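Below is one structure, written out as structure tokens; the observations come after it.
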Amino acid sequence: MAERRLLRRLRPWVFPALLVGAFEWYARRAAALGSDALAPPSAAARAFMGAALDGSLWQATGFTLGTAALGLLLGAVLGIALGLVLGLSRRAAQLGSLSIEVLRPVPSVALIPLAMLTFGFGVRMELAIVAFATFWPLLVLVQSAVQQIEPRLLEVSRVLGLSARERAFKIVLPAIVPRLFVALRLGVAVALVVAVTVEIAANPNGMGYAMMIAQQSFDPALMLAWLGWIGVVGFAVNAGMVLLQRLVARRMGMLP
Amino acid sequence: QSNPKIVFGYTAVSDFASVFVAAEEGYFKKRNLDVELKFIPLNSTIPAALQSDSLQIGGPTPSVFLQSVDGGLDLVLVAGGGLTSKTITGFGLVARAGSGIKGPQDCVGKKIGVPGLGAFLHVTFRAWLKESGVDYRKVNFVEASFPQHADLLRGGSVDAVVSADPFMSRITESGAGYVASYYSTFLPENNQTIVHAAKREWVAKNPAAARAFRESLVEAAGFMQQPKNDAKVRAAIGKYIKLPPEVLAKIQISPPGATVSEKQLGYWVGLMKDQDMLKTSIDVAKLIAK
Amino acid sequence: MSTAADFLRFDGVAIRLGGREILSPTSFDVARGEFVCIVGPSGCGKTTLLRAASGLVAASAGEVRRKGVKISEPSREVAFVFQDYGRALLPWRTVEGNVSLALEAAGVPAAERAPRIAEVLGKVGLAKHAQKFPVQLSGGMQQRAQIARCLAQKPELMMMDEPFGALDALTRQSLQDELARLVRDDGLTVLFVTHDLEEAIYLGDRVIALQANPGPGRPSLARMIDVKIPRPRDQLTTKEHPEYLHLRRELFAFIEQSHG
Amino acid sequence: MSTAADFLRFDGVAIRLGGREILSPTSFDVARGEFVCIVGPSGCGKTTLLRAASGLVAASAGEVRRKGVKISEPSREVAFVFQDYGRALLPWRTVEGNVSLALEAAGVPAAERAPRIAEVLGKVGLAKHAQKFPVQLSGGMQQRAQIARCLAQKPELMMMDEPFGALDALTRQSLQDELARLVRDDGLTVLFVTHDLEEAIYLGDRVIALQANPGPGRPSLARMIDVKIPRPRDQLTTKEHPEYLHLRRELFAFIEQSHG
Amino acid sequence: MNGNDRGRVGINMNRLGSLAMLCALIALWWMASNAGWVSRVFLPTPQATFASLLEGLNLPGPNGNGGNGELLAFTQATVGRMVQGWLLASLFGVLLGAAIGVSPTVRAWVQPTLEFIRPLPASALLPLAISIFGLNPGMVLFVVAFGAMWPVLLATVHGFAAVEPRLSEVARCLQMSRAAFVWKMGLPNAMPDILAGMRLALTIALIVAVVGEMIASQSGLGQAILLAARAFRASDLFAGIALLGLIGFASNALLAFAEKRLLRWQQP
Ligand SMILES: Nc1ncnc2c1ncn2[C@@H]1O[C@H](COP(=O)(O)OP(=O)(O)OP(=O)(O)O)[C@@H](O)[C@H]1O
Ligand SMILES: Nc1ncnc2c1ncn2[C@@H]1O[C@H](COP(=O)(O)OP(=O)(O)OP(=O)(O)O)[C@@H](O)[C@H]1O
Ligand SMILES: [Mg+2]
Ligand SMILES: [Mg+2]
């Protein structure tokens, strides 16, 4: 019985351990052959401790998370606002549909060079791209959320003679909250990925940049440490969002 | 009088040594200049950074600078960085062990990694090929950053790379490749490898600061040319470019060229025209701040 | 046939939806305090008729008048109990909160709401479940919550669209009796749609039978039957009352024939 | 009391789910060809009893035996018509495909399937809708599709869980009569759950009444009534048959009292 | 009849309206760039962009002669990379997802690992992938497939987990085999989710392909726009962006169409 419990506990760690072990072996072999670009995970762990101690880890993480959050805020506010308008007014939705369909599929990363031209580097360009990347999914999801509000509820509001304001705050907004959260979760993931990508491709700040620097300055261990850390940060942010989503769902009686 | 704060952008090459020395020896401070040195990972982003005022002065390679001017950015040169020299063997064509590449003719049809397409090493390498009578269009160039060169050669992804020290010596030491040609030694001497550019508008507004900046570099160049200062120069480089000490000790430092002449810039314009990299005609005289 | 005292009047009301005539011109009157049941096969337009009567859908021809005024928009004086109770409740509000919505809409001050909510919840037997969310309720309880909200509106006219459609027999019977009592006590007028003929006879003062697929020669309104069984009625004796058995037979026969 | 010839035997079957005793020890027998109806208030365990009888849920005590063999897993000889027909059909298969599923499971060769499908679809009156997907059907048609799939199984025992619960009166009545005919023709044994007492009396040879919340002193099985109304029965005359009216009264009185 | 006619006219009016809206946006661009509100270094004129596009696609431009056709080859490369990566992602996503969805054992062993690597941006993986696999098209393909696999994988897992319990019981009652269950219940049930996931995956595949081209120096539109930006050729840059948008638009529309055909059973 105790053994089974132990196995149950250990089970999730078996695969990561195998992966790390295999990588350790491979990287040691490559390093022995004179590779400049691979380091074993054990060295990465040491490099990670170093970065954590000298503060560069927290500074870069703060930059990436902060910029991603700001960009998401910008993209989300615009996306939700326009999504509400398009969701509530069929006319507006029809007018904008073609423009949205044409602009939406432009890959956000294609704008990195343009943003670089326009803003140089720094917070502004990253902000702009993150906002662009998160704007579309939020717009589309909020619009469809509003359009999928139970028509019966809107009829209830008519039968009860609710004012437009009451209808917005008592019916429309609460009704889209669950879907809004799904959209926001997606938005958070997109924001983080795009922020890191922008840093890797162009912007000399944050975690992605730190990783590139590590790679370019001959420090594959540090590079690997950053890669792992980026994974941890993404995992934590995602887990946080799931938690928040559950909390709100429970508060609103969506979960039994 | 007070000068504006200058954020100066540099990349990880020793051609910026005169700037590092000027900062370390206090030549900027002496002229009442407040210069902050900022590391930029990609040389080609410097013009955009200048345009968006992220930097006041930056050190693009001549090819990057000319392309940006060609594209419509209104930049001028304030000063210059390192110079080409026949004595420099700090970069060259490194071929994969067993690839059989010995000279320019062998490059035809091969895949060659360069650290930046359209960047300094790429342009100069193509110039060398052309001079040797090889059509560079028949060579397949791919972009790859320095630290990857060794692995790429070893893995056979490329046949050769245009690399630079300290990466180059690591490759040869590990046996993954050999230097097929220090092609830079075939190029004419005394042309800037790095130029220090600023927005024309900024220079017009702060002519004194621009001049003071150039004068600081001239003084730094004088300092560098005295062999006894070599240790100090290396220390300055080591401070701004993170390099392992043994690498730092061996690194070749290109001679400084603080002032840029029309002839020097004209050389690059000619080179790039040859390679179809410029669309407009460029008036070199207008690009150098007096 | 009709007088100005008519409480609700259908005057040649026809409805087209999606290019199809769902209700052919229909005229009838409902007096104040009357309990009118509407029966008919699935898809014949019962719900549509009710929606037109409350102003949720506009008539394509003719008009509906309430107390002499043409209906164009829903009014708070008319309550509507929707067929799909599961969807008509705000899932993010408790039973109490859902009932409160009607009071908020009517601008009842916050202080007065609690006692009125308690009162209507007591009437429908949900007093103990006031703090529950709709998902935590059984179907019957959800429907009772919706009825409570409608009662809180203090309507003078109540539209009920198959309100007991999906309840079990016992709950259904007790709600039927409860409704009959409420209606009598408050003097409500009710338009009650059901597909259960026996329920219609049991509850109604009058039963209106609709038929499907109206065409040029086929009006939607097929039959109008007065139910003269005395009130109060009860589940056992009323359903063995000769008049009840007679009406049941008559309606079944009619509907079977109009169906075939 | 029971003989070896018993077709289905409940022997002290008790069921606990989620830590609560839902069914207290219950024993009864069903003979081959019998139509047994099970009634009781919502949540009393009717569905659970049926699931135990078909092996979908395991008894916590006692055992269910079919033809003398203890039931532990569902068998293809027993068909189960689920209460929520909307969910019991594969939405991505047409009516035909859904019926075919039963034949595929039984390993019927592809060539033989078509005629058997056509046969059962004819029996339930869906021949014309064979190519439609479930979403394109009304509730009644979906339920008939499910029944068709169960018939295709050629079961000897059929479990039906409130199969007509959400149908309109007319469809319901015609399906009731159709079912009675099918059962007689094929000699099926049926366990039929309903919350409609009248339906139970109308269809059953026997009615078993369950009560909710069994406790130490309260067995789940509350009443067992034999229905001695002759067959074939029909909607009008049977429901005015004195025995029918009598049983109705008796059951109602009992259930009302056990409810309160 | 009447209602129908009105419906059709209404739809045409809507189309016209949305087209007019798009034209208005382009007109705004035209004005902004031609009037010089924004520097042409950043914002080329629509006509210059169009000319670059024609030239790159080797179509006769306004001055009559054909272009160099470079963009055409780049577009082919990018589309090829995107489609191949997407197919790989779909294949592995469905296989892995089905394994996790069907078998609790597989789920217990691998899902935590997947949960952890999932948030890793594909772009961050590129430097490592280059080190391990070298700078070749296969490596980029691997990263594209890796990045695009997740939506398909998650959708498949979800689709399998969400098999209506009633249907599982139907399967039990019919004594269906496990393989028959996977094939007849699990996969069809997961199909809408899988298709939606594949649509998302296609978008991601395009994005990662572009990033891959930018960072790993593979010839394609990603590299083309990056080089255009480095050389300050704004019109070429915009032409590349427009082409990428077009690829996204067309592939999305194509999949939406396929989805509609495949999911006929959902429509009443
Ligand atoms: N908004 C609409 N657009 C087009 N057709 C509609 C609309 N609403 C209802 N219908 C059609 O009108 C007919 C009557 O619908 P209605 O809901 O009134 O029937 P019903 O008598 O209430 O049926 P049931 O007993 O099933 O509730 C149906 O055929 C339905 O498909
Ligand atoms: N898997 C389960 N776990 C825990 N409790 C359950 C489970 N299944 C059913 N129950 C509980 O068992 C009781 C009986 O449920 P069952 O579905 O058998 O009732 P029923 O008589 O069929 O009711 P209805 O007429 O509403 O269908 C209910 O209180 C239900 O909440
Ligand atoms: Mg209806
Ligand atoms: Mg049940």
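Lettering of chains follows the sequences in order, A, B, ..., and the numbering in each one begins at 1. Since the structure is predicted, the reported quantities are computational estimates derived from the model, not experimental observations.
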Is there a donor-acceptor pair closer than 3.5 Å between any side-chain N or O of Gln175(E) and the backbone N or O of Pro74(D)? yes

Just wondering, more than 12 heavy atoms not from His158(E) lying within 6.0 Å of its NE2? no

SG of Cys173(E) to CZ of Arg51(D), rounded to nearest 0.5 Å, is 8.5 Å

With a strict 4.5 Å heavy-atom criterion, list every residue of residues 92-100 of chain D that contacts chain E, or say none. Trp92(D), Arg93(D)

Any side-chain to backbone donor/acceptor pair from Arg166(E) onto Ala88(D)? Under 3.5 Å, distance only. no

What part of Glu73(D) is in contact with chain E, defined as an atom under 4.5 angstrom from a non-hydrogen atom: side chain, backbone, both or neither? side chain

Point-to-point distance, once rounded to the nearest 0.5 Å, from CG of Leu174(E) to CZ of Arg149(D): 6.5 Å

Please look at Leu137(D) and chain E and tell me whether the side chain, the backbone, both or neither of the residue comes under 4.5 angstrom of a heavy atom of that chain. neither

I want to check something: taking the side chain as every heavy atom from C-beta on, are Phe82(D) and Glu169(E) in contact at a cut-off of under 4.5 Å? yes

Proximal to chain E - members of residues 109-128 of chain D, heavy-atom separation under 4.5 Å: none

Check this for me: Arg87(D), atom CZ, are more than 12 non-hydrogen atoms of other residues, nucleotides or ligands nearer than 6.0 Å? no

Check this for me: Phe92(E), atom CZ, are more than 12 non-hydrogen atoms of other residues, nucleotides or ligands nearer than 6.0 Å? no

For chain E, which of Leu89(D), Asp84(D), Leu56(D) has the most heavy-atom pairs under 4.5 Å? Leu56(D)

Closest-packed option against chain D by number of heavy-atom pairs under 4.5 Å, given Met185(E), Glu164(E), Arg172(E), Met176(E): Arg172(E)

Part of Met191(E) lying under 4.5 Å from any heavy atom of chain D: neither

